[in-house]
Every structure is written in structure tokens, then in C-alpha cells.
Amino acid sequence: MEERQKSQMMKDKIEKMSREIEALSDTIRAIEEGMEVKDISFVQNYTATKERAQHKLQDPEKLSVELLNVAKYLANLRFTVWEKMQEIVQFTPVTLDPNTAHPILGLSDELTTVRVGDERQQIPDNPQRFDYQRFVLGSVGFNSGTHCWDVEVGDSKFWGLGVIIESASRKGNVDSRGGMWGMLLYNGVYAASALTGKPTSLPIQHKLRRITVQLDWNKGKLSFTDSLSNKHLHTIKHRFTEKVFPFFYVDETDALLKILPVRFSVVLEQHE
């Protein structure tokens, strides 16, 4: 692009110089023609001829060497490319583990969306896979720190979000066992569930479409927030003692849950 711009600039300058040369040539020819006429006519037109001959010459424009700005494009090239990649590359804080997904669940290629399929898939019944309830876990567990992920629940009518301990069995009815904490929607009611206790209904009157799940493992807090209004929905408190994994539950044909990407930025630090 820069090469085309510089080439066009040179063409414009050449065209301008050509026009000036042509105009000067026309003036010289006119003066020469005026000087060839009879003496009386030359004297009568002397003043006009003199004024026409007064052509002010401009100093020639000093042209810089039109080199490409190589440093502009090649300096810190890898960093520049990586920085621009932010515009097209997305980062999702939690991705799904297909080895844990119930056989009727289908995951997207990028492992960020789960939906209920039409029929049960023929896949290995490995120990990590749920075989009774339609669960899938995140691919990475947490045993320290603060972690956050946004989930789009959309129009799904039966869903659950939360965390489950690593040692929890994936077989059979996991609702009847301990080690799972979360928020769910069932039969039109929003509720929170901790351990094996009966879910506690939540006073939520509006339709939730996007939920932020935040885990503070060290402080023992699992919080849920309406991502669109930033309104706090519920917080579960529990002293975690082992690694927990995000879980996602969906129990409606064609319904889906989608983990949303987050924005990230490059920060430069000057080292002394």
C-alpha cells in the first residue's frame, strides 16, 4: 500500500512538472512569435510582450528518496502481530471436557457450547463420564484463587450451573450425593442447591438469560450474578477442601448453554 501511495505521489509530481514545462514552452513560443512581427507592431505590443516574458521561476522542489518505511513494518514484528491478533482471537476462561459429557449431550468444536441431542451417542463409558444425568464438566479444576465465567442460558428451561468436587462419582444419580453446589432452573423456578439438601427457591421474578459464576476457592464462596443487569442473585458459602470443577447441566431437547469469551489486553511494563 505504501509502495502504491509513493508511486502515485511521484506520478502526480511528474504530471505537475509536465504541465509547467508545457505552459513555459507556450509562453516562449508566443514571445518568439511576437518578436518576429513588423517593427511598428512590436513596439505597440512591447508592454504586453514584456509582461508575458516575466515568468517567475520557482526553486526546484527537493525530492526525498522515496524508500519504504521498513522499520514501521518490521520493528517488534512478532509483538505487533500478536497484539493485532486480539481483534480476532477470543479467550474463554472455561472450556468443556468431552470425556465427562453425558452421551446425549453434544459439544461445539471449540468446546464452549453444550446442547441436548436427539439420540444417545455411541461413545466409551469411561469412569469420568456421567451416565445418568445430563452433566458435563469444565476441562480444568480449581483448588485455589478466584475464577469467573459467564454462561448464556438463553431460553433453556432446565439448566444447572456450579461446581462439583473432583472425587465425586460421575455414575448414577449425582443429586443424591454430596460435593456439588450450584444454581438451577427447573419447572419455572430458580433455586440454589448445596450438598445433598433440598434446593432452596430464589426470589427471582425476571427471566435470566446470562449468568456470571464466580468462585472464590480460598474464601469458600460461590456467587451467581445476572450478567446483563449486574444484579447479585445468590452466594453459596462452603469451606472447600479439594479441587472443584465447573459443571453444566441441561435437560431439554435443542436447548443449549454457551460459555462466553472475555476481553483481554496487552500490558507493557518498563523494567529498570
Side-chain angles (χ1 to χ4, degrees), residues 90-102 104-116 126-154 156 158-171 174-175 177-186 190-196 199 202 208-227 232-251 255-262 264:
Q90 295 182 329
F91 173 74
T92 306
V94 173
T95 55
L96 304 174
D97 181 0
N99 292 333
T100 65
H102 185 281
I104 204 170
L105 298 180
L107 308 184
S108 61
D109 293 337
E110 66 278 9
L111 302 179
T112 57
T113 301
V114 53
R115 69 167 67 240
V116 178
N126 50 297
Q128 299 88 357
R129 190 180 307 282
F130 290 90
D131 63 351
Y132 181 76
Q133 289 166 308
R134 297 167 178 181
F135 279 83
V136 61
L137 301 186
S139 59
V140 177
F142 310 117
N143 56 8
S144 64
T146 301
H147 310 274
C148 184
W149 55 98
D150 289 354
V151 183
E152 187 174 302
V153 297
S156 301
F158 296 91
W159 53 259
L161 304 170
V163 296
I164 186 172
I165 58 176
E166 184 177 26
S167 62
S169 174
R170 316 287 170 82
K171 306 302 181 183
V174 297
D175 279 350
R177 305 165 196 166
M180 184 169 63
W181 306 265
M183 178 178 172
L184 61 151
L185 170 65
Y186 70 103
Y190 294 101
S193 178
L195 297 176
T196 58
L202 301 175
L208 298 177
R209 306 191 68 86
R210 186 180 298 177
I211 296 175
T212 300
V213 184
Q214 180 169 323
L215 169 69
D216 189 332
W217 194 95
N218 297 65
K219 293 184 178 180
K221 292 182 179 181
L222 180 65
S223 301
F224 300 90
T225 303
D226 183 343
S227 307
H232 175 259
L233 301 173
H234 187 68
T235 295
I236 297 174
K237 297 181 179 180
H238 178 80
R239 183 175 176 272
F240 301 110
T241 57
E242 64 175 286
K243 181 181 291 186
V244 296
F245 286 80
F247 77 73
F248 305 84
Y249 168 75
V250 60
D251 195 5
L256 62 83
L257 302 180
K258 181 178 182 180
I259 308 169
L260 301 176
V262 297
F264 63 98

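Below, all heavy atoms of this structure are taken into account, side chains as well, without hydrogens, waters or symmetry copies. Residues: numbered from 1 along the sequence shown.
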Determine whether [X] and [Y] make a side-chain contact, defined as any pair of heavy atoms from C-beta on separated by less than 4.5 Å.
X: Ile211; Y: Leu161; result: yes
X: Phe158; Y: Leu184; result: no
X: Val153; Y: Leu256; result: no
X: Thr113; Y: Ile259; result: no
X: Pro246; Y: Leu137; result: no
X: Val116; Y: Leu105; result: yes
X: Met180; Y: Ile165; result: no

Taking distance alone, no hydrogens or angles, what donor-acceptor pairs closer than 3.5 Å link side-chain atoms of residues 216-225 to residues at least two apart or in another chain?
from   : atom 1 : to     : atom 2 : distance (Å)
Asp216 : OD1    : Asn218 : N      : 3.4
Asp216 : OD1    : Lys219 : N      : 3.1
Trp217 : NE1    : Glu242 : O      : 3.1
Asn218 : OD1    : Gly145 : N      : 2.5
Ser223 : OG     : Thr235 : OG1    : 3.1

Please list, chain by chain and in numerical order, all residues satisfying side chain to side chain contact (heavy atoms under 4.5 Å, CB included) with [X], sequence neighbours excluded.
X: Asn126; result: Asn99, Pro124, Gln128, Arg129
X: Arg209; result: Asp155, Lys207, Leu228
X: Tyr132; result: Asn173

(request) Sorted by first residue and then second, give each side-chain hydrogen bond (donor to acceptor under 3.5 Å, both in side chains) pair with at least one member in residues 134-146; sequence neighbours left out. (result) Thr95-Ser139, Arg134-Asp251
Heavy-atom closest contact ([X] atom, [Y] atom, distance):
X: Ala101; Y: Leu107; value: CB-CD1, 4.4 Å
X: Lys171; Y: Asp131; value: CA-OD1, 3.3 Å
X: Trp159; Y: Leu257; value: CB-CD2, 3.9 Å

Spacing of [atom1] belonging to [X] relative to [atom2] belonging to [Y], to within rounding of 0.5 Å:
X: Tyr249; Y: Leu185; atom1: OH; atom2: CG; answer: 10.5 Å
X: Lys243; Y: Ser167; atom1: NZ; atom2: OG; answer: 12.0 Å
X: Phe248; Y: Ile164; atom1: CZ; atom2: CD1; answer: 12.5 Å
X: Trp149; Y: Gln214; atom1: CH2; atom2: CD; answer: 9.0 Å
X: His102; Y: Arg170; atom1: NE2; atom2: CZ; answer: 14.0 Å

(message) Asp226: which residues meet the side chain to side chain donor-acceptor pair (under 3.5 Å) condition with it, sequence neighbours left out?
(response) His206, Ser229
(request) State which residues pass side chain to side chain donor-acceptor pair (under 3.5 Å) with Thr212; sequence neighbours excluded, sorted by chain then number. (result) Asp150, Ser227
(request) Sort and list the pairs that fulfil salt bridge (Lys or Arg N to Asp or Glu O under 4.0 Å) and have at least one residue in residues 93-102, not counting sequence neighbours. (result) none
(message) Under 6.0 Å between ring centres: does that hold for Trp181 and Phe240?
(response) yes
(message) The criterion is salt bridge (Lys or Arg N to Asp or Glu O under 4.0 Å); which residues satisfy it with Glu110, sequence neighbours excluded?
(response) none
Which residues pass the ring-ring contact (aromatic ring centres under 6.0 Å, His included) test with [X], not counting sequence neighbours?
X: Phe130; result: Phe135
X: Phe245; result: none
X: His147; result: Phe142

